[in-house]
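Counting starts at 1 for both ligands and their atoms, in listed order. In this chain, residues are counted from 1 in sequence order.
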Amino acid sequence: MKKLLKNGCVLDPVSDDLIEIDILIEGTYIKKIDTHLPVNDPDAEVIDLSGKFVSPGLIDMHVHFREPGFEKKETIASGTRAAARGGFTTVACMPNTRPVTDSVEVVREILAKAEQAGCARVLPYGAITVRELGQELTDMAALKAAGVIGVTDDGVGIQSSKMMKEAMRKACQVGLPVVAHCEDDTLAKGGCVHDGTFASRYHLQGIPSEAESIHVGRDILLAEDIGVHYHVCHISAEQSVRLVREAKSRGQKVTAEVTPHHLLLCDEDIPEPNALWKMNPPLRSRKDREALIEGLKDGTIDIIATDHAPHTAAEKAMGMERAPFGIVGLETAFPLLYTHLVLKGVLTLAELIDKMTRKPAQIFGLPYGVLAEGLPADLTVIDLEEERAIDPDTFLSKGRNTPFAGWKVKGWPVLTIMNGNITWNQADTALTFGDFE
Ligand code: DOR
Ligand code: ZN
Ligand code: ZN
């Protein structure tokens with residue numbers, strides 16, 4: 001099985017200019033990249049990519065695929081199809097499933113289902129504590145042997161400092177990163193939006209920024225002597241960025257991710273109390289949003305991750321106070337960020353791509369994220385000119401819960417290739433809306 005991709009534009013690694021290139025894929029690997037490859041092999045399927053941008057396959061280190069346990073919200077099959085449509089070839093899935101991904105059995109089940117679905121490479125996280133209850137550590141060595149790439153209790157914060165310290169020691173011993181959902185319950189419990197302008201206007205209970213940053217600061221202190229790789233999930237507050245920046249300046253192994261929604265929205269943008277704008281951590285102030293962009297630009301924040309969190313329409317219709325936290329992100333992340341950060345001159349295309357490909361691979365030690373001969377053939381072809389309104393009805397995810405419906409954006413992924421196989425082709429609806437349940 002050979003594929004010859006002709007005339008696609010890639011970023012020149014030295015100049016960051018777009019240059020035209022041909023790519024030969026043989027089996028699951030990139031065999032050759034050159035300015036001109038001859039079309040003389042009858043076994044090679046030739047795909048013309050003239051005028052299209054070719055990126056390394058996008059990587060999302062934070063998604064919720066809900067399987068096992070919450071298949072009404074999402075399955076691994078529907079989630080990986082949404083990933084492929086969004087241009088993602090590798091996704092890391094969170095362990096707040098039911099049962100929680102705290103055992104070798106659940107890890108094996110997820111990997112088997114992902115293998116079957118085949119639309120994206122799924123890397124599972126294991127839980128830090130049994131059932132994510134914060135009481136008893138999981139068997140991290142066994143989880144690692146089963147294939148988890150990190151440990152996290154995402155969905156909840158680890159309340160006990162002692163438990164977190166022990167978790168870091170154990171994770172360090174077995175060589176896994178600690179990936180933290182930072183949330184102090186004594187400050188956050190009962191809140192539904194950021195403790196700011198919007199909360200006061202509608203008399204809603206707020207979640208203050210310190211609910212996050214207290215954990216970030218605590219964990220950085222705990223990790224300092226242990227030397228574990230500590231990664232902050234969905235960073236949202238100015239003070240958290242400051243703490244990560246300071247830790248990095250001392251050479252500590254601390255990394256952080258930010259979501260597209262925290263980069264593009266703040267609490268003042270919420271039009272009315274509607275749970276499509278409800279997520280955890282919440283949309284914060286304009287000042288926080290500016291600090292996130294600053295942190296992303298200066299490298300304090302390493303990567304962009306969606307926190308793709310599908311819920312059913314009925315659940316999200318329960319109102320700001322009662323609905324579950326979370327919005328979907330896989331199918332809108334790239335065009336939103338390209339339109340609102342790159343086209344507005346906040347980030348260059350090269351910077352945005354780096355935060356969604358090479359950098360996540362680098363910090364988590366994954367052999368993906370760059371276009372190079374001999375590496376797995378993971379590529380995302382993007383039409384940077386195509387402009388279209390976001391329409392949740394077209395999502396391949398089961399989740400429709402996005403605050404970005406109707407936003408007119410440019411830069412849609414049109415062809416996604418993972419391990420040499422086409423996993424999304426906008427031009428081929430048979431493939432995209434096929435025999436899926
Ligand atoms: O918004 C969120 N949704 N934040 C979380 O921490 C959990 C996630 C979910 O699982 O729905
Ligand atoms: Zn979280
Ligand atoms: Zn999450």
Side-chain angles (χ1 to χ4, degrees), residues 60-76 79 82-83 91-101 122-129 131-132 134 149-159 177-185 188-189 191-194 207 211-213 215-216 219 230-237 240 256-262 265 267 270 274-284 303-316 318 320-330 333 397-404:
D60 189 347
M61 293 309 298
H62 192 141
V63 304
H64 295 267
F65 279 174
R66 310 302 191 196
E67 196 175 358
F70 304 100
E71 290 83 357
K72 276 205 168 64
K73 297 175 196 268
E74 193 82 289
T75 60
I76 290 167
V91 293
C93 62
M94 286 297 169
N96 59 342
T97 47
R98 196 168 60 206
V100 164
T101 314
V122 175
L123 309 174
Y125 286 107
I128 292 175
T129 66
R131 295 168 66 201
E132 289 201 357
I149 53 134
V151 286
T152 176
D153 273 5
D154 187 52
V156 288
I158 305 258
Q159 301 307 308
V178 169
V179 173
H181 170 111
C182 293
E183 182 177 10
D184 180 315
D185 284 351
K189 262 263 164 337
C192 60
V193 290
H194 173 59
I207 303 171
E212 171 182 281
S213 44
H215 268 205
V216 175
D219 293 352
Y230 173 71
H231 178 80
V232 181
C233 286
H234 42 55
I235 196 165
S236 70
S240 308
E257 70 189 30
V258 64
T259 69
H261 48 278
H262 290 106
L265 298 171
D267 68 340
I270 310 176
N274 176 332
L276 290 178
W277 278 262
K278 178 177 181 179
M279 69 291 285
N280 192 13
L283 298 173
R284 299 217 182 264
I303 64 171
I304 297 170
T306 66
D307 198 4
H308 176 82
H311 293 289
T312 65
E315 287 166 321
K316 285 307 253 185
M318 286 161 61
M320 208 48 147
E321 287 170 298
R322 290 178 52 230
F325 290 98
I327 62 168
V328 291
L330 284 168
S397 169
K398 290 191 180 188
R400 300 283 185 270
N401 46 310
T402 175
F404 295 110

*Region of His64 engaging ligand 1 - heavy atom pairs below 4.0 Å*: side chain
*Pick from Thr97, Asp154, Val328: which one makes a side-chain contact (heavy atoms from CB on, under 4.5 Å) with His64?*
Asp154
*Identify the closest protein heavy atom to atom 1 (O) of ligand 1: which residue and atom is it, and at what distance?*
Asn280 N, 2.9 Å
*Passes side chain to side chain donor-acceptor pair (under 3.5 Å), Asp184 versus His215? Steps please.*
CA-CA 7 Å; Asp184 180 315; His215 268 205; 4.5 Å; no
_Residue-level breakdown please: for Ile327 versus ligand 1, do any non-hydrogen atoms fall below 4.0 Å on the side chain, on the backbone, on both, or on neither?_
neither
*Which atoms from ligand 1 have a heavy atom of Met279 less than 4.0 Å away?*
1 (O)
*Parallel, tilted or perpendicular for Phe65 and His308, by the 30°/60° rule?*
perpendicular
*Heavy atoms, side chains only, cut-off 4.5 Å: are Val178 and Val151 in contact?*
yes
*With side-chain contact (heavy atoms from CB on, under 4.5 Å) as the test, would you mind laying out the steps for Ile304 and Thr259 before giving the verdict?*
CA-CA 6 Å; Ile304 297 170; Thr259 69; over 6 Å; no
*Hey, which protein N/O/S atoms does the Zn ion (ligand 3) have under 2.8 Å?*
His62 NE2, His64 NE2, Asp154 OD2, Asp307 OD1
_Check for me whether Glu183 has a heavy atom closer than 4.0 Å to any atom of ligand 1._
no
*How does Arg66 reach ligand 1, if at all, at less than 4.0 Å between non-hydrogen atoms: by side chain, backbone, both, or neither?*
side chain
*asked:* Below the 3.5 angstrom mark, is there an N/O of Phe325, backbone or side chain, next to an N/O of ligand 1?
replied: yes
*Residues two or more places apart in sequence or in another chain: which of them pass salt bridge (charged side-chain N to carboxylate O under 4.0 Å, His left out) with Glu132?*
none
*Which residues share a salt bridge (charged side-chain N to carboxylate O under 4.0 Å, His left out) with Glu315, sequence neighbours left out*: Lys73
*Heavy atom under 4.0 Å from ligand 1: found in Met94's side chain, backbone, both, or neither?*
neither
*Side chains of His231 and Glu257: does their closest heavy-atom pair fall under 4.5 Å?*
yes
*In terms of atom number and element, which parts of ligand 1 are under 4.0 angstrom from non-hydrogen atoms of His311?*
11 (O)
*ring pair (Phe, Tyr, Trp, His ring centres under 6.0 Å) partner of His234, chosen from His181, His261, His262*: His181
_In the structure I gave you, are the side-chain heavy atoms of Pro282 and Arg284 within less than 4.5 Å of one another anywhere?_
yes
*For atom 6 (O) of ligand 1, find the nearest protein heavy atom and state the residue, atom name and distance (0.1 Å precision).*
His181 CE1, 2.9 Å
*Using a strict cut-off of 4.0 Å, indicate which atoms of ligand 1 neighbour a heavy atom of Gly155.*
6 (O), 7 (C)
*asked:* Once salt bridge (charged side-chain N to carboxylate O under 4.0 Å, His left out) is applied, do any residues pair with Lys189, and if so which ones, sequence neighbours excluded?
replied: Asp185
